[in-house]
Novice: 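Structure incoming, see below.
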Amino acid sequence: MQAVDYIVVGQGLAGSAVAVQLLQRKKRIVVIDQPTGNSSSRIAAGLFNPITGKKMTKTWLADTLFPYLHEFYRAVEVRTARRFFFPMPLYRPFLSIEEQNDWMARSAEPGYAPYIDTVHRRPAIPGIHDPWGGLLLRQCGYLDTTGYIEAVRGWITEEGTLLQTSFDPAGLHMTPHGVQYGTYTAAQIIFCQGVAPAKGFEWLPVKPLKGETIRIKTDFQHNAIINRGVYLVPGVGPGERRVGATYEFHDSTPTITQAAKETLDQKLKELVDFPYEITGQEWGFRPTVPDRRPLVGVHPEHPSVAVFTGLGTKGVSLSPYFSEVLIRRLENQVPLNKEIDIERYKSLY
Ligand SMILES: Cc1cc2nc3c(=O)[nH]c(=O)nc-3n(C[C@H](O)[C@H](O)[C@H](O)COP(=O)(O)OP(=O)(O)OC[C@H]3O[C@@H](n4cnc5c(N)ncnc54)[C@H](O)[C@@H]3O)c2cc1C
């Protein structure tokens, strides 16, 4: 038997952030992950943006989450000597003159000022449909999610143990001091399996929400993410951009669809007037929760068993901060905020 401090199951954005928190605290860890190629984390465009939605409002806890995520990803880049975190401005064209006026007023409000670079009152970016100008935002950017996950994988391999295999729930046993899995004993196990039901947490209301993105090739060059209806985020190759994403509430087929490609193509044509060629398409399932808050916490009967999922559409911005919140709960008994604690769904248990 080999004794470790933690077993982490799943290494998407949730499991990677948890592993980072634990490695930074010099914990002994085993991470079990079987990549599927279509995990939400690997296909995500990686966008982070504090002002979201049709009505362009500040996202939940932005003032806490955004400063934190910058520090977090930068620290992982430094530790792993890899580049995957790309802060850059984000441009949101206005849909009407009223919206422009509204933002002229709102940009002075202390709650919004830190996120606003410029309120453009005239067309600002050639190739983009922005007759009423648009809002150039700060503290945005994108994460090359696959690059990040691979970098963390390398770190885990160096300082911990990575088992690239499927976790078998039948192999998990409770012990007086924690858990046993195969030849490992641990004080704690943390399930970070995205939409896959975690052992002991099948009662949590995680709803898979399918999304698709396309890849395009274009000569359009501008050092900003463009986002209205769809987003346009730099891809990995020269001239490549990712365009997304769809929200397919009634489709659970594990495949790309022509309908999603047409929807994204149509929305992109409404946003831009430069030529492009569609070169690829991806799909995945987001782990969403009815109240749109992460699911963080400890099993009602087994304190050695914890869960971290429900990152929905915002895994890049939520996982850094809430992985720390979870580890502070497990290591230092810091109580969880009720909004994210799985305790709120205990009636389903
Ligand atoms: C099309 C699309 C675009 C998106 N774009 C963005 C974006 O721009 N910005 C953003 O912030 N978010 C985006 N998201 C959402 C984001 O991808 C999710 O919030 C996040 O990836 C969820 O991470 P996770 O680690 O909880 O789950 P997952 O990514 O599903 O990771 C779970 C991991 O656990 C592994 N696993 C599961 N079961 C087992 C088992 N039994 N044994 C071993 N391993 C197991 C899986 O293989 C996987 O590696 C997007 C999602 C989609 C679908």
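Numbering of residues begins at 1 and proceeds along the displayed sequence. Order of listing sets the numbers, starting from 1, for every ligand and every atom in it. Because the structure is predicted, anything quoted here is derived from the model rather than measured.
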Novice: Only one of Gln21, Glu331, Gln188, Glu159 passes side chain to side chain donor-acceptor pair (under 3.5 Å) with Lys27; say which it is.
Specialist: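 Running side chain to side chain donor-acceptor pair (under 3.5 Å) over Gln21, Glu331, Gln188, Glu159 with Lys27 returns exactly one hit, Glu331.
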Novice: Which hydrophobic side chains are connected to Tyr91, either touching it within the sub-4.5 Å cutoff or through other members that do?
Specialist: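 For the cluster that includes Tyr91, the remaining residues are Ile125, Ile128, Leu136, Ile214, Ile216, Phe220, Ile226, Val230, Leu232, Val243, Leu264, Leu268, Leu271, Val272, Phe274, Tyr276, Ile278.
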Novice: Would you call Arg74 and Glu77 a salt bridge, using N to O less than 4.0 angstrom?
Specialist: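 A salt bridge links Arg74 with Glu77.
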Novice: List in chain and number order the residues that pass side chain to side chain contact (heavy atoms under 4.5 Å, CB included) with Ala17, two or more places apart in sequence or in another chain; answer none if no residue qualifies.
Specialist: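 Applying side chain to side chain contact (heavy atoms under 4.5 Å, CB included) to Ala17 gives Phe72, Tyr148, Ser319, Ser323.
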Novice: Give a table of atom pairs where an N or O of ligand 1 lies under 3.5 Å from a protein N or O.
Specialist:
residue  : atom   : partner : partner atom : Å
ligand 1 : 8 (O)  : Gly46   : N            : 3.1
ligand 1 : 8 (O)  : Leu47   : N            : 2.9
ligand 1 : 9 (N)  : Leu47   : N            : 3.4
ligand 1 : 9 (N)  : Leu47   : O            : 2.9
ligand 1 : 11 (O) : Gly315  : N            : 3.2
ligand 1 : 11 (O) : Val316  : N            : 2.9
ligand 1 : 12 (N) : Thr313  : O            : 3.0
ligand 1 : 17 (O) : Ser40   : O            : 3.2
ligand 1 : 17 (O) : Ser40   : OG           : 2.7
ligand 1 : 19 (O) : Gly312  : O            : 2.7
ligand 1 : 19 (O) : Gly315  : N            : 3.2
ligand 1 : 21 (O) : Ser40   : OG           : 3.4
ligand 1 : 21 (O) : Ser41   : N            : 3.1
ligand 1 : 21 (O) : Ser41   : OG           : 2.7
ligand 1 : 23 (O) : Ser41   : OG           : 3.1
ligand 1 : 25 (O) : Leu13   : N            : 3.1
ligand 1 : 25 (O) : Ala14   : N            : 3.0
ligand 1 : 29 (O) : Ser41   : N            : 2.8
ligand 1 : 29 (O) : Ser41   : OG           : 2.5
ligand 1 : 38 (N) : Gln193  : NE2          : 3.1
ligand 1 : 42 (N) : Phe167  : N            : 2.8
ligand 1 : 44 (N) : Gln34   : N            : 3.1
ligand 1 : 47 (O) : Gln34   : O            : 2.7
ligand 1 : 49 (O) : Asp33   : OD1          : 2.7

Novice: Could you tell me whether Arg121 sits above the aromatic face of Trp132, with NZ or CZ closer than 6.0 angstrom to the six-membered ring centre and within 45 degrees of the axis?
Specialist: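 No, a cation-pi geometry is absent between Arg121 and Trp132.
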Novice: Other than Leu209, what residues sit in its cluster of Ile, Leu, Val, Met, Phe, Trp and Tyr side chains whose heavy atoms are under 4.5 Å apart, directly or through others?
Specialist: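 Tyr247, Phe249, which link up through side-chain heavy atoms under 4.5 Å apart, make up the rest of the cluster.
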